[in-house]
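Taking it in order: structure first as structure tokens, then the write-up.
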Amino acid sequence: MFSVVVFAASAMAFAALLIAFLVVLAVAGLDAADEVWSGVYPVVAWLIALIVCGKFMTR
């Protein structure tokens with residue numbers, strides 16, 4: 001069950017980062033959008049997705 005939650009959280013975090021990348025790309029350009037894939041953003045997106053998936057998939 002844990003592996004399913006981790007896999008779902010990873011997929012959800014990737015989707016969130018992809019949407020954020022496209023939004024920032026349209027608003028601020030490629031230089032700003034490139035920052036979405038580095039730094040603290042992927043960690044935060046994955047942790048939020050892990051909390052959400054853990055809460056709703058363990059019921």
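Hydrophobic clustering, with ILVMFWY side chains joined whenever heavy atoms are under 4.5 angstrom apart, keeps V44 apart from L22. No single ILVMFWY cluster, assembled from side-chain heavy atoms under 4.5 Å apart, contains both I48 and V43. Two different hydrophobic clusters hold F14 and V23 under the rule that ILVMFWY side chains link at heavy-atom gaps under 4.5 Å.
Using a 4.5 Å heavy-atom threshold, the side chains of W46 and I51 count as separate. Looking at W37 and L18, their side chains come closer than 4.5 Å, going by heavy atoms from C-beta outward.
In this structure, E35 CD and L30 CG are separated by 10.5 Å, a value rounded to the nearest 0.5 Å. Note: F7 CZ to M12 CE = 14.0 Å, rounded to the nearest 0.5 Å.
Closest of all the heavy-atom pairs between A49 and A9 is CB-O, 3.4 Å. The shortest heavy-atom contact between F21 and D34 is CE1-N, 4.3 Å. For V36 against A20, the heavy-atom pair with the smallest separation is CG1-CB, 4.2 Å.
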